[in-house]
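To start, the structure itself, in structure tokens.
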Amino acid sequence: MAWDRNQMAARAAQELEDGMYVNLGIGIPTLVANYVGDKDITLQSENGMLGMGPFPYEGEEDADLINAGKQTITELNRTAYFDSATSFGMIRGGKIAAAILGAMEVAENGDLANWMIPGKLVKGMGGAMDLVAGVGRVIVVMDHANKHGESKVLKECTLPLTGKGVVDRIITDLGVLDVVEGGLRIVECAEGVTEEELRAATQATIV
Amino acid sequence: MKKVYGSAAEALDGVLADGMLIASGGFGLCGIPELLLQAIKENGAKNLTFASNNAGVDDFGIGILLQTKQVKKMISSYVGENAEFMRQYLSGELELEFNPQGTLAERMRAGGCGIPGFYTKTGVGTVIAEGKEVKSFNGEDYILEEGIVADLSIVKAWKADETGNLIFRKTARNFNPPAAMCGKVCVAEVEEIVPKGSLDPDMIHLPGIYVHRIIQGDHEKRIEQRTTRKREEA
């Protein structure tokens with residue numbers, strides 16, 4: 001047994017504290033918003049918005065109101081809009097407390113790769129490089145292994161990097177690991193996963 | 001000086017030429033200067049370089065200028081969603097310079113503010129840093145990025161007054177202010193031009209000093225990904 005997508009998102013939501021300004025990436029990270037409960041969290045969308053609301057009701061879509069994934073969304077009673085330079089000013093300036101992002105590979109030194117596979121279609125890094133370089137805390141949420149069953153938690157990334165030494169915490173279907181001096185430290189195992197299983201599934205050094 | 005023009009074609013007359021570097025506002029299809037892009041297509045100007053976060057889709061936004069092969073190079077952060085772009089890029093017909101999104105926005109803002117370069121930690125230790133000066137501040141490495149000064153800026157706003165003061169709407173603001181600021185000449189298209197004095201001066205998002213020509217027109221404002229939720233039953 002291991003965590004499913006929603007359980008991973010719920011675990012990631014525990015990382016968020018009352019009052020935080022947070023940026024959520026596309027995929028499982030987007031689901032984190034469903035699990036923040038009563039915590040007062042303000043979501044940033046890097047195309048120029050703080051206080052991102054849920055999807056609109058059918059018929060209420062507004063072409064001028066989208067998130068960074070280009071999906072139609074809504075505003076809240078706390079929302080503020082701003083331009084892209086200001087948006088990345090607050091990201092680069094460390095004003096955003098945390099970013100929760102997906103990844104293709106993570107390494108034991110905190111290196112992150114999530115934007116490019118050489119030889120495959122390259123779409124671009126968007127705002128990912130700015131986010132991982134700038135925000136207070138980078139939390140990666142991803143499957144522990146790729147579809148061939150190989151560990152994505154590595155000694156060294158093989159893909160081009162999004163950021164060097166930027167990851168603080170890794171949440172996978174198998175558990176939670178922190179990037180520490182000398183490698184990764186197991187914080188917890190997913191329900192039904194033993195520490196031995198987590199170690200065996202991880203290529204990175206566990207200290 | 002009269003800033004209001006009758007059409008996108010008139011507003012581009014004398015300020016658009018082959019080989020120009022054009023900064024364009026917009027994020028995805030949101031807040032793009034769709035009327036000016038259409039007019040550039042009809043004008044036929046070639047060998048253009050666009051600094052624009054995205055490249056539109058096949059039949060909308062900058063995509064329409066890719067179809068006519070008017071674009072030589074893109075400076076962008078994300079170019080998915082465009083098959084013709086990929087075809088031209090992979091065949092070597094189109095140059096592409098990836099910039100991290102915040103770096104691109106700041107390059108435009110800096111260019112418009114008379115700042116030729118700035119140091120950022122975005123991209124340190126990645127391919128983006130290759131060939132760029134690295135400088136350490138307080139023990140942390142930063143790379144040098146250069147400001148962009150465009151020959152022409154094209155932007156979309158919600159409202160303008162006759163003097164070029166602009167107000168944007170919701171997330172359609174995005175790259176429009178920095179793109180406008182970095183142009184030697186900026187042409188803005190808006191949904192409504194209102195008389196002087198009818199915009200609250202405290203609510204102006206971009207002062208008219210950055211805006212040289214304005215047109216009003218009807219916008220399609222296409223939605224790229226329509227996502228909705230169900231109404232809860234009462």
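All chains are named by letter (A, B, ...) in the order of the sequence lines, taking the proteins before the strands, and each is independently numbered beginning at 1. Keep in mind the model is a prediction, meaning the values are calculated, not measured.
Both the backbone and the side chain of A:I66 come within contact range of chain B, judged by heavy atoms closer than 4.5 Å. Both the backbone and the side chain of A:A68 come within less than 4.5 Å of a heavy atom in chain B. Within the 4.5 angstrom heavy-atom criterion, no atom of B:L104 approaches chain A. When heavy atoms are compared at a cutoff of 4.5 Å, B:V79 approaches chain A by way of both its backbone and its side chain.
In this structure, B:F98 and A:M116 have side chains that are not in contact, with every pair of non-hydrogen atoms separated by 4.5 Å or more.
B:N174 contributes atom CG, which lies 11.5 Å from atom CZ of A:F82 (distance to the nearest 0.5 angstrom). Interatomic distance, CZ of B:F27 versus OG of A:S45, reported as 7.0 Å (0.5 Å rounding). B:R173 contributes atom CZ, which lies 12.0 Å from atom CG of A:N47 (distance to the nearest 0.5 angstrom). Note: B:R226 CZ to A:E58 CD = 9.0 Å, rounded to the nearest 0.5 Å. Here CZ of A:F88 is found 11.5 Å from CD of B:E106. Values are rounded to the nearest 0.5 Å. One distance of note links CD of B:Q225 with NZ of A:K70; it measures 8.5 Å at 0.5 Å rounding.
The choice from B:N82, B:N54, B:L206 that makes the most heavy-atom pairs within less than 4.5 Å of chain A is B:N54. The greatest number of non-hydrogen atom pairs below 4.5 Å with chain B, out of A:D130, A:N67, A:T79, is found for A:D130. Chosen from A:T86, A:L65, A:I73, A:V166, the residue pairing most often with chain B at heavy-atom distances under 4.5 Å is A:L65. Of all the listed residues (A:A133, A:P160, A:S84), the one sharing the greatest number of non-hydrogen pairs under 4.5 Å with chain B is A:S84. Across A:E60, A:M125, A:K164, the residue that shares the most heavy-atom pairs under 4.5 angstrom with chain B is A:M125.
By the 6.0 Å contact criterion, OH on A:Y21 is open, its count of non-hydrogen atoms from other residues, nucleotides or ligands being 12 or less. The environment of A:K95 atom NZ is sparse: at most 12 non-hydrogen atoms of other residues, nucleotides or ligands sit within 6.0 angstrom. Surrounding CD1 of B:I209 are at most 12 heavy atoms belonging to other residues, nucleotides or ligands under 6.0 Å away. Residue-environment remark: CD (B:E220) exceeds the threshold of 12 foreign heavy atoms within 6.0 Å. Heavy-atom contacts from other residues, nucleotides or ligands closer than 6.0 Å to NZ of A:K39 number more than 12. Crowding of B:E146 atom CD: a count of heavy atoms from other residues, nucleotides or ligands under 6.0 Å not exceeding 12. Annotation: B:D218, atom CG; neighbour count of heavy atoms from other residues, nucleotides and ligands within 6.0 Å does not exceed 12. Heavy atoms from other residues, nucleotides or ligands lying under 6.0 Å from CD of B:E140 number more than 12.
For A:N109, the side-chain hydrogen bond (donor to acceptor under 3.5 Å, both in side chains) criterion is met by A:D111, not counting sequence neighbours. Annotation: salt bridge (charged side-chain N to carboxylate O under 4.0 Å, His left out) contacts of A:R5 (sequence neighbours excluded): none.
Here the closest heavy-atom approach between residue B:R229 and residue A:Y57 is recorded as NH1-OH, 3.4 Å. Closest heavy-atom contact between A:A63 and B:C30: O-SG, 3.4 Å. For the pair A:E61 and B:T227, the tightest heavy-atom approach, listed with the atom from each and the gap, is CG-O, 4.5 Å.
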Worksheet item: Should B:N176 and A:D83 be marked as a side chain to side chain contact (heavy atoms under 4.5 Å, CB included) after you check the CA-CA gap, both sets of side-chain angles, and the distance that decides it?
Response: CA-CA 7 Å; B:N176 283 296; A:D83 67 69; over 6 Å; no

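Residues of residues 22-37 of chain A never come closer than 4.5 Å to chain B when only heavy atoms are counted.
Panel note: side chain A:R92, backbone B:G102; a donor-acceptor pair is recorded below 3.5 Å. Looking at B:T126, its side chain never comes within 3.5 Å of a backbone N or O of A:G163 through a donor-acceptor pair. Remark: the backbone N or O of A:G48 is not paired with any side-chain donor or acceptor of B:T171 at under 3.5 angstrom.
Sorted by first and then second residue, the salt bridge (Lys or Arg N to Asp or Glu O under 4.0 Å) pairs involving residues 12-34 of chain A (not counting sequence neighbours) are A:R11-A:E15, A:E15-A:R137, A:E15-A:R169.
Salt bridge B:R169/A:D62: present, at least one basic N to carboxylate O contact under 4.0 Å.
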